[in-house]
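Here's the structure, in structure tokens; my notes come after.
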Amino acid sequence: MTERLANSFGADAARYDRTRPAYPGELVRKIIEVSPGPRVVDVGCGTGVLSRPLRAAGCEVLEVEHDKRMAEFARGTGVPVEVSKFETWDPAGREFDAVVAGQSWHWVDPEAGPRQVAQVLRPGGVFVALWHVFAPPEPIAQAFMDAYRKAAPDIPFRVGQSRDEAFEAYQAGCVRTGEAFVGTGAFSHADQWRASWEQTYTTADYLDLMLTMGPMALLGTEQVTGLLDDVGGAIDAIGGRFTTHYDTLAVAVTRN
């Protein structure tokens, strides 16, 4: 199931790029501030959502992406991409100042990943992993949970986390990631970063975003249609628009 989910995001790379939220400028600037130089590897870059602001700020970004469809889209934006899983990627002796992973590090092997980062980072280089945390207002969240369980009662996929539960889970994930890196002996202590912001969605905007979410890859066409109808109806019932709070969490470690 994990492999199926990981390979689902490239099915409509243009939609993914259009709907997935950008990274807060303050965190992009922080990456640049702590990096000892401009050479950056973007792990699991997807369509380049994190790479683009880094490049715009003057970084020399190389993307590593295992999904050929995502890689093709990212190349179309002018970023060099090498197609590979990060754990098995051959850096060919190259060293980098920073390795970043936006919404992707949870797909990387927790033991092989830090070893690979240690191999490609120069001494003093930084690794930063970032995740977005959000939950729609309760009526929409409840509609999604009810519709998903109705459409796919036999699929063992957890849905319906509250925003506080999601925040705690992602924060714990940042802690575990930092501990895994420091535990290798190749990295110094982990720093935690956070940026908060808001995003407004119309019904159409949110349904477009939903189609890029992992759980949707486990459903058939009729199931997806039913789920979108139910959630869309819930959004329309509160005026066809809502604003939700986002937190972007990050963990940063420095190569010894």
Side-chain angles (χ1 to χ4, degrees), residues 21-66 74 79-82 84-133 170-197 246-256:
Y23 292 87
E26 64 188 276
L27 295 187
V28 173
R29 290 190 293 272
K30 199 166 183 65
I31 292 170
I32 295 168
E33 289 170 3
V34 300
S35 176
R39 297 167 299 171
V40 179
V41 174
D42 186 356
V43 177
C45 66
T47 59
V49 177
L50 179 56
S51 290
R52 289 197 292 273
L54 288 170
R55 291 181 70 222
C59 293
E60 303 167 10
V61 183
L62 172 65
E63 299 182 341
V64 179
E65 170 58 50
H66 83 281
V79 186
V81 187
E82 297 183 7
S84 175
K85 287 189 174 182
F86 179 68
E87 302 94 316
T88 56
W89 172 58
D90 180 9
R94 292 167 291 181
E95 282 191 331
F96 297 85
D97 301 300
V99 174
V100 299
Q103 293 281 113
S104 64
W105 192 252
H106 49 284
W107 301 113
V108 177
D109 183 271
E111 294 184 3
R115 291 197 300 267
Q116 179 75 312
V117 173
Q119 180 181 348
V120 303
L121 271 183
R122 58 171 281 194
V126 295
F127 167 80
V128 182
L130 307 95
W131 288 275
H132 296 309
V133 185
Y170 277 97
Q171 191 169 54
C174 285
V175 171
R176 287 194 302 272
T177 299
E179 290 174 345
F181 274 82
V182 173
T184 67
F187 297 88
S188 64
H189 74 282
D191 292 321
Q192 307 290 326
W193 303 345
R194 175 182 176 182
S196 299
W197 48 286
Y246 271 88
D247 284 296
T248 301
L249 304 180
V251 57
V253 293
T254 302
R255 179 76 165 88
N256 294 333

Side chains of [X] and [Y]: closer than 4.5 Å at any heavy-atom pair?
X      : Y      : answer
Trp89  : Val41  : yes
Gln192 : Val251 : yes
Asp97  : Val40  : no
His189 : Asp191 : yes
Asp42  : Leu54  : no

Measure the spacing between [atom1] of [X] and [atom2] of [Y] and express it to the nearest 0.5 Å.
X      : Y      : atom1 : atom2 : answer
Phe96  : Gln119 : CZ    : CD    : 11.0 Å
Leu130 : Tyr170 : CG    : OH    : 12.5 Å
Glu87  : Arg115 : CD    : CZ    : 10.0 Å
His106 : Thr177 : NE2   : OG1   : 10.5 Å
Ser51  : Glu65  : OG    : CD    : 10.0 Å
Trp193 : Leu249 : CH2   : CG    : 12.5 Å

Distance-minimising heavy-atom pair for [X] and [Y]:
X      : Y      : answer
Glu26  : Ala195 : CD-CB, 3.6 Å
Pro80  : Leu62  : O-CD1, 3.7 Å
Val182 : Ala190 : CG2-N, 4.0 Å
Ala250 : Val128 : CB-CG1, 4.2 Å
Pro38  : Gly58  : CB-O, 4.1 Å
Pro21  : Val49  : O-CG1, 3.6 Å

TODO: For side chain to side chain contact (heavy atoms under 4.5 Å, CB included), just list the numbers for Leu50 and Cys45, CA-CA rounded to whole Å, side-chain angles, deciding distance to a tenth of an Å, and then say yes or no.
DONE: CA-CA 7 Å; Leu50 179 56; Cys45 66; over 6 Å; no
Task: Listed partners of Phe127 passing ring-ring contact (aromatic ring centres under 6.0 Å, His included), at least two apart - done: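 For Phe127, the residues satisfying ring-ring contact (aromatic ring centres under 6.0 Å, His included) (neighbours in sequence not counted) are Trp105, Phe181.
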Task: Any donor-acceptor N/O pair, Thr254 side chain to Ser188 backbone, under 3.5 Å - done: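 Side chain of Thr254 to backbone of Ser188, a donor-acceptor pair under 3.5 Å: no, none is there.
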- [ ] Enumerate the residue pairs fulfilling salt bridge (charged side-chain N to carboxylate O under 4.0 Å, His left out) with a member in residues 43-57, sequence neighbours excluded, ordered by first and then second residue.
- [x]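 For residues 43-57: Asp17-Arg52.
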- [ ] With side chain to side chain contact (heavy atoms under 4.5 Å, CB included) as the test, would you mind laying out the steps for Asp90 and Ser84 before giving the verdict?
- [x] CA-CA 9 Å; Asp90 180 9; Ser84 175; over 6 Å; no
Open item on the list: Looking only at the side chains, is there a donor atom on one of Trp107 and His66 sitting less than 3.5 Å from an acceptor on the other?
Closed with: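 The answer is no; no qualifying pair exists.
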TODO: Look at the aromatic rings of Trp197 and His132 and report parallel, tilted or perpendicular, splitting at 30° and 60°.
DONE: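 Trp197 vs His132 ring planes: perpendicular.
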Open item on the list: Counting neighbours of CD on Glu111 that are heavy atoms of other residues, nucleotides or ligands and sit closer than 6.0 Å, is the number greater than 12?
Closed with: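 12 or below, so no.
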Open item on the list: Between Ile31 and Tyr23, is the side chain to side chain contact (heavy atoms under 4.5 Å, CB included) condition met? List the steps.
Closed with: CA-CA 11 Å; Ile31 292 170; Tyr23 292 87; over 6 Å; no
Task: Check ion pair Glu82-Arg94 (N to O, under 4.0 angstrom) - done: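 So Glu82 pairs with Arg94 through a salt bridge.
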